[in-house]
Amino acid sequence: MALRNTTTSYGSIAKFLHWSIALLFLAAYCAVYYRHWFTETKTPANMTALHLHLSFGISIGVFVLLRVIWRLSNTVPDEPPGTQLEHLAAKAGHIFLYVFMIAMPITGYIGTGLGAEFFYLFHIPKFEETALFQWLVSDTLGLTFKEFEKPVDFFHKDIGGALLVWILIIIHIGAALFHHFYKKDNVLTRMLPNIKYKNID
Ligand code: HEM
Ligand code: HEM
């Protein structure tokens with residue numbers, strides 16, 4: 001299987017990054033909503049769910065960085081047959097997904113007044129303790145962490161987390177299924193792992 005994208009299909013590295021990030025999104029959502037719905041504040045389960053959310057979120061940040069580099073250094077498969085409006089909608093949808101894939105981990109990290117226990121393997125210091133916070137937020141913007149945190153949290157929790165990302169992902173999955181079952185083109189299969197079945201008889 002080709003590592004790089006071709007004009008007809010995504011390569012194995014792009015597929016690996018796409019599906020790893022999709023699974024990490026699911027895990028980050030499960031952890032944070034498990035915390036909200038099934039745990040009491042400040043219990044060990046409540047804190048573990050939070051640190052898992054932070055760990056999955058930070059992992060998404062790292063994977064997205066690799067994905068953007070890979071995307072910029074690769075061919076993109078040709079657009080499937082369709083109207084100009086369909087092509088525009090697909091492009092806009094992918095751009096918005098990239099915007100949130102980048103903005104959610106950043107706003108999550110810089111808006112959290114707590115360091116992360118990264119899968120309980122090592123500690124990642126909170127943003128407030130970093131030289132970047134001191135230089136950018138404290139010295140340049142003249143803000144305290146509490147003042148800075150408010151709009152950042154609003155974006156992370158109320159705009160991105162609660163509503164927009166879900167809507168975007170649901171439209172994205174709907175579009176993939178529409179292509180596969182209605183238009184019957186290769187848009188979904190060119191992003192799926194190439195599984196070769198062995199003939200057993
Ligand atoms: C793509 C990555 C991420 C996604 C999709 C995501 C999504 C969410 C969602 C849906 C919520 C709940 C919003 C609500 O209150 O209804 C949330 C809360 C939160 N996120 Fe993230 N997040 C991500 C990354 C991060 C990162 C990297 C950090 C920090 C290192 C972080 C820290 C937090 C914190 C502290 C909360 C509040 C927890 C709580 O109220 O229980 N997030 N996030
Ligand atoms: C069950 C879940 C998902 C399915 C079935 C799915 C399906 C697909 C398919 C078929 C493509 C290829 C589109 C094309 O060739 O034009 C694609 C691309 C893409 N997907 Fe998904 N996807 C899923 C989840 C996600 C999630 C959770 C995200 C991000 C939050 C995401 C972000 C993207 C992006 C940005 C692209 C554009 C390709 C690129 O440039 O990397 N997908 N997806």
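Bear in mind the structure is a predicted one, so any value in this text is a computation, not a measurement. Indexing begins at 1, ligand by ligand and atom by atom, following the structure's order.
Contacts of Trp19 with ligand 2, taken as heavy-atom pairs under 4.0 Å, involve the side chain alone. Contacts between His179 and ligand 2 below 4.0 angstrom, taking non-hydrogen atoms only, are absent altogether.
Closest approach of His18 to His172, counting heavy atoms only: NE2-NE2, 4.0 Å.
Residue contacts with ligand 2 do not include Glu79, since none of its heavy atoms lies under 4.0 Å from the ligand. Under the 4.0 angstrom criterion for non-hydrogen atoms, Tyr33 is in contact with ligand 1. Within the structure, ligand 2 lacks Phe100 among the residues with a heavy atom less than 4.0 angstrom away. At a 4.0 Å cut-off, not a single heavy atom of Ala116 sits close enough to ligand 1 to count as contact.
Every residue was checked against the side chain to side chain donor-acceptor pair (under 3.5 Å) condition with Thr43, not counting sequence neighbours, and none meets it.
Annotation: side chain to side chain donor-acceptor pair (under 3.5 Å) contacts involving residues 118-127, sequence neighbours excluded, comprise Glu117-His123.
Of all protein N, O or S atoms, those under 2.8 Å from atom 21 (Fe) of ligand 1 number 2.
For atom 30 (C) of ligand 1, the nearest non-hydrogen atom of the protein is Tyr109 CA, 3.6 Å. When only non-hydrogen protein atoms are considered, atom 15 (O) of ligand 1 lies nearest to His36 CE1, 3.2 Å. Given atom 10 (C) of ligand 1, the protein heavy atom at minimum distance is Tyr29 CE2, 3.3 Å. Looking only at heavy atoms of the protein, atom 38 (C) of ligand 1 is closest to Arg35 NH1, 3.7 Å. From the protein, the heavy atom lying nearest to atom 12 (C) of ligand 2 is Tyr10 CE1, 3.8 Å. The closest protein non-hydrogen atom to atom 16 (O) of ligand 2 is Arg190 NH2, 3.4 Å. The protein heavy-atom contact nearest to atom 40 (O) of ligand 2 is Arg71 NE, 2.4 Å. If you check which protein heavy atom lies closest to atom 29 (C) of ligand 2, you get Met101 SD, 3.7 Å. Looking at atom 39 (C) of ligand 2, its nearest protein heavy atom turns out to be Tyr98 OH, 3.3 Å.
Around atom CD of Glu40, no more than 12 heavy atoms belonging to other residues, nucleotides or ligands sit under 6.0 Å away.
Two rings, from Tyr34 and Tyr29, have their centers 6.0 Å or more apart.
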Legend entry - Test log, rule ring pair (Phe, Tyr, Trp, His ring centres under 6.0 Å), inputs Phe127 and Phe145: CA-CA 9 Å; Phe127 180 54; Phe145 182 72; 7.4 Å; no

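Listing protein N, O or S atoms at distances below 2.8 Å from atom 21 (Fe) of ligand 2, with waters left out, gives His18 NE2, His172 NE2.
Using a 4.0 Å cut-off between charged side-chain N and carboxylate O, Glu86 and Lys183 make a salt bridge.
Considering each of Val165, Ile95, Val187, the one bringing a non-hydrogen atom nearest atom 13 (C) of ligand 2 is Val187. Which of Arg67, Lys91, His180 comes nearest to atom 36 (C) of ligand 2 through a heavy atom is settled by distance: it is Arg67.
Counting heavy atoms from C-beta on, the side chains of Val68 and Ile102 come closer than 4.5 Å.
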